[in-house]
Q: 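Attaching a single structure in structure tokens format; questions to follow.
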Protein chains: 2
Amino acid sequence: MSNVTGRKFATIEDVARHAGVSRAAVSKVIRGAYGVSDTMRERVNSSIAELNYRPRVAARAMRGSSFTLGIEIPEFGNPFFIRILKGATEAIAGTDYQLIIAPADAGIETDAVEGYRALEALADRQVDGIVAVSPLVQADWLARLAERTPVVMLGRHDDASNYDRVVGDDAVGAALVMDHLFSLGHERIAHVTRSEAVTFGNSTPHAIRLGVYERMMRAAGHGSHVEVVRTGPTERHSFEATRALLQTPNRPTAIFAAHDELALGALRAVGALGLTAAEVSVIGYDDIDLADHPAISLTTVDQAGVEMGRQAVRLLIEQIAGRSEPVEYVSTPTLKVRGSTAPVRRRSLLRRR
Amino acid sequence: MSNVTGRKFATIEDVARHAGVSRAAVSKVIRGAYGVSDTMRERVNSSIAELNYRPRVAARAMRGSSFTLGIEIPEFGNPFFIRILKGATEAIAGTDYQLIIAPADAGIETDAVEGYRALEALADRQVDGIVAVSPLVQADWLARLAERTPVVMLGRHDDASNYDRVVGDDAVGAALVMDHLFSLGHERIAHVTRSEAVTFGNSTPHAIRLGVYERMMRAAGHGSHVEVVRTGPTERHSFEATRALLQTPNRPTAIFAAHDELALGALRAVGALGLTAAEVSVIGYDDIDLADHPAISLTTVDQAGVEMGRQAVRLLIEQIAGRSEPVEYVSTPTLKVRGSTAPVRRRSLLRRR
DNA sequence: CTGAAAGCGCTTACAG
DNA sequence: CTGAAAGCGCTTACAG
């Protein structure tokens with residue numbers, strides 16, 4: 001292979017000739033493999049430096065590994081996924097691995113098609129392992145993928161026989177939300193969440209949060225106030241949906257948003273209608289960076305996204321190193337109480353004034 | 001190559017045998033190359049489907065292209081880079097390309113080392129082209145990289161003989177900021193920006209914004225009020241630095257933050273000290289998603305990050321398709337006036353009250 | 001339009 | 001400890 005100016009790039013062959021050894025020897029030095037004398041290692045290394053040699057990853061991938069890990073995320077729009085990327089990047093720093101990111105952005109109506117496409121693109125590139133956030137792809141499809149590539153799934157609560165899982169404890173987190181709201185006296189609580197596709201079944205994070213919401217509402221005797229609002233993935237979508245909700249008679253006194261992006265939209269709607277936390281409390285999920293900004297001050301559930309990303313890569317590298325028994329890492333969420341939630345102001349009290 | 005269960009993955013050889021044609025023929029069909037009869041194409045395609053064949057990218061990369069584009073960004077923490085990623089992702093959707101993202105996170109003190117490392121990791125993987133945000137790597141080093149790989153640089157105002165550039169017009173943007181502040185009556189304006197390394201020379205975006213700030217301050221006769229505050233890349237860093245600044249006697253009446261993340265930190269400091277926009281105006285740069293949230297309402301400069309990311313990939317694909325003359329795409333910024341800036345309240349007026 | 005053969009740059013047994 | 005040889009799965013001239 002030659003570049004535009006006709007200069008050739010050094011190959012393993014060039015290094016071998018320059019150092020007066022075999023290609024196999026150079027290969028061993030590169031890989032740090034066992035069985036090379038110090039003299040040879042030095043000679044080879046100085047030839048590598050002199051020729052400015054860098055092994056072609058594609059050629060190595062043909063026989064060995066690609067030194068590339070794939071990570072699939074649904075979209076860049078949600079800050080929570082960015083935190084996962086951040087953690088993954090941190091965990092990978094200092095290793096020989098590089099991250100290849102495959103976004104599976106399906107737009108408003110999330111379906112699994114883009115997830116499959118992204119995962120296959122990763123597999124086509126023979127990545128050494130895959131971290132994925134694909135709540136909608138079929139478990140058996142994943143199992144097949146995991147047969148040939150180490151896989152770590154994020155946020156899947158299903159059973160997995162051959163891939164690792166990193167999950168937040170969504171049941172606990174949602175319960176924290178509801179208990180907090182109940183303790184403030186709220187009864188009329190709405191849940192703003194994503195489309196049915198995303199809450200289908202009982203193993204996606206949003207399905208679990210929704211389930212806990214409904215069950216705890218009923219258990220507390222507020223079953224008649226259950227109100228589930230479906231919306232798209234962005235702050236903007238949530239804003240529109242929440243504004244409509246808040247303009248209905250008997251509007252809720254509190255909104256449990258399925259994630260912080262949606263909570264921001266709810267906050268925007270509350271503000272746009274001239275309301276405050278005293279009238280409509282908003283609580284989110286994820287604890288994105290901005291949640292503790294004084295201008296936002298969003299009560300939310302911290303599920304430690306950066307740490308989840310870090311753990312996912314750690315588990316993946318463990319698998320690559322040989323572990324075959326699947327492992328699960330559960331992140332225990334904590335509640336962050338801030339200014340966006342307040343004690344309910346009962347209508348009856350208002351009337352009495 | 002066989003997977004864990006011993007099942008073999010189909011190779012081009014298998015497809016050729018199954019379809020009763022040569023490997024070359026299959027290759028042509030895959031690539032959509034000229035010179036295959038319809039009958040053969042159909043036969044091959046049905047064999048591909050039946051065998052569930054997917055070409056190995058690594059093998060293709062050995063001779064042809066890797067169908068992978070690299071994008072290097074300094075960090076995931078800055079929402080502006082996320083918007084660029086978003087645009088790049090959009091532009092790539094529907095093509096056969098996949099994006100490989102190399103973060104060059106150097107922590108607080110940005111230096112070029114991580115940029116080189118990230119770019120080399122991309123080159124090692126023989127990506128078909130590279131989009132990069134590397135203000136600090138040497139121009140001649142980039143030129144050498146661009147000799148062998150199509151390159152599009154984001155936010156570099158230097159001359160480029162063999163790579164494309166996508167830039168915002170930072171001189172115009174910074175002038176919009178200063179004019180806006182002057183029109184509100186501000187004279188004591190501070191500039192919160194990154195470390196000297198990032199504003200070194202006169203070709204990085206931050207260097208240009210800083211230069212315009214200083215020149216316009218002097219031209220307006222406020223040279224004695226020039227105050228440049230250096231800080232790290234995050235909102236948190238900016239918060240600390242700005243808080244210190246606002247606690248000095250003769251604090252500024254307005255703060256020009258070099259980007260929105262820093263502006264958010266400044267806003268936090270303003271709020272933490274119990275001040276409002278009437279006392280200290282804050283203006284940012286980038287128009288991140290959150291800037292128009294009513295709780296934030298940040299006056300800022302929109303430099304259309306998503307579009308820049310989109311254009312970068314478009315130019316890259318043009319280069320891959322054969323264009324050799326370098327092209328520059330300039331994004332013209334616009335001012336978004338919101339609630340974080342207000343007319344100056346002169347101390348003299350205060351005294352008179 | 002179709003195919004046989006060479007070759008891309010590595011790694012992997014295997015033999016010495 | 002060291003090296004010769006085969007092979008990974010494709011694409012690319014080239015010949016027919």
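As the structure is a prediction and not an experimental result, all values here were calculated from the model. Sequence lines set the chain letters: A, B, ... in the order given, protein chains first and strands last, and positions in each chain run from 1.
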Q: Could you tell me how far apart E42(B) (CD) and dT2(C) (P) are, to the nearest whole angstrom?
A: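 Going from E42(B) (CD) to dT2(C) (P), I get 12 Å.
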Q: Please report, rounded to the nearest Å, how far the P atom of dC10(C) is from the CZ atom of F67(A).
A: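 Roughly 12 Å, once rounded to whole Å.
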Q: Just the rounded figure in Å: distance from C1' of dC10(C) to CD1 of I12(A).
A: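 Taking CD1 of I12(A) and C1' of dC10(C), I get 6 Å after rounding.
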Q: Can you tell me how far P of dT2(D) sits from CG of D38(A), to the nearest Å?
A: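 Distance, rounded to whole Å: 10 Å.
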Q: When you get a sec, tell me which of dG3(C), dG3(D), dT12(C) is the closest nucleotide to the side chain of M40(B)?
A: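 Of the options given, the side chain of M40(B) lies nearest dG3(C).
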Q: Would you indicate which nucleotide in dT11(D), dT11(C), dT2(D) comes nearest to any side-chain atom of R31(A)?
A: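 Side chain of R31(A) sits closest to dT11(C).
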Q: Looking only at side-chain N and O atoms, does T11(A) come under 4.0 Å of OP1 or OP2 in dG9(C)?
A: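 No, because none of the side-chain N or O atoms of T11(A) sits under 4.0 Å from OP1 or OP2 of dG9(C).
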Q: Among dG9(D), dG3(C), dG3(D), which nucleotide sits nearest the side chain of A25(A)?
A: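 Nearest nucleotide to the side chain: dG3(D).
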Q: Measuring from the side chain of S22(B) (C-beta onward, heavy atoms only), which nucleotide among dG9(C), dA4(C), dC10(D) has the closest atom?
A: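 Between dG9(C), dA4(C), dC10(D), the one nearest the side chain of S22(B) would be dA4(C).
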Q: Atom CZ of R63(A) to atom C1' of dC8(D): distance rounded to whole Å?
A: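 Distance check: R63(A) CZ to dC8(D) C1' gives 5 Å.
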Q: Taking any strand in view, what nucleotide pairs with dA13(D) in a Watson-Crick or G-U wobble way, both distances under 3.5 Å?
A: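 Across any shown strand, dA13(D) pairs with none.
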Q: Look at the side chain of S37(B) and decide which nucleotide, out of dC10(C), dC10(D), dT2(C), has an atom nearest to it.
A: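 Closest of the options to the side chain of S37(B): dT2(C).
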Q: Looking at the side chain of A24(B), which of dG9(C), dA6(C), dG3(C) is the nearest nucleotide?
A: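 Between dG9(C), dA6(C), dG3(C), the one nearest the side chain of A24(B) would be dG3(C).
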Q: Would one find more than 12 heavy atoms of other residues, nucleotides or ligands at under 6.0 Å from atom CG of D140(B)?
A: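 Yes - once you tally the heavy atoms of other residues, nucleotides and ligands closer than 6.0 Å, there are more than 12.
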Q: Parallel, tilted or perpendicular: which fits the ring planes of Y116(A) and W141(A), with parallel below 30° and perpendicular above 60°?
A: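 Geometry flag for W141(A) against Y116(A): perpendicular rings.
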Q: Using atom CZ of R17(B) as one end and atom C1' of dG3(C) as the other, report the distance to the nearest whole Å.
A: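 Interatomic distance, CZ of R17(B) to C1' of dG3(C): 16 Å.
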Q: Rounded to whole angstroms, how far apart are CZ on R56(B) and C1' on dG9(C)?
A: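 After rounding, the gap between these two atoms is 18 Å.
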Q: To the nearest 0.5 Å, what is the distance between CG (L154(B)) and CG (L315(B))?
A: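 Result: 9.5 Å between the selected atoms.
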Q: I need the OH-C1' distance between Y53(A) and dG9(C), as an integer number of Å.
A: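 Value for this atom pair: 7 Å.
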Q: Only pairs with both distances under 3.5 Å count, Watson-Crick or wobble alike; so what is the partner of dA4(C) in this structure?
A: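 The answer is none; no pair meets the criterion.
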Q: Need to verify one output field. Residue with the more 5' nearest nucleotide on DNA chain C, V36(B) or R60(A)?
A: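 The residue mapped nearer the 5' terminus is V36(B).
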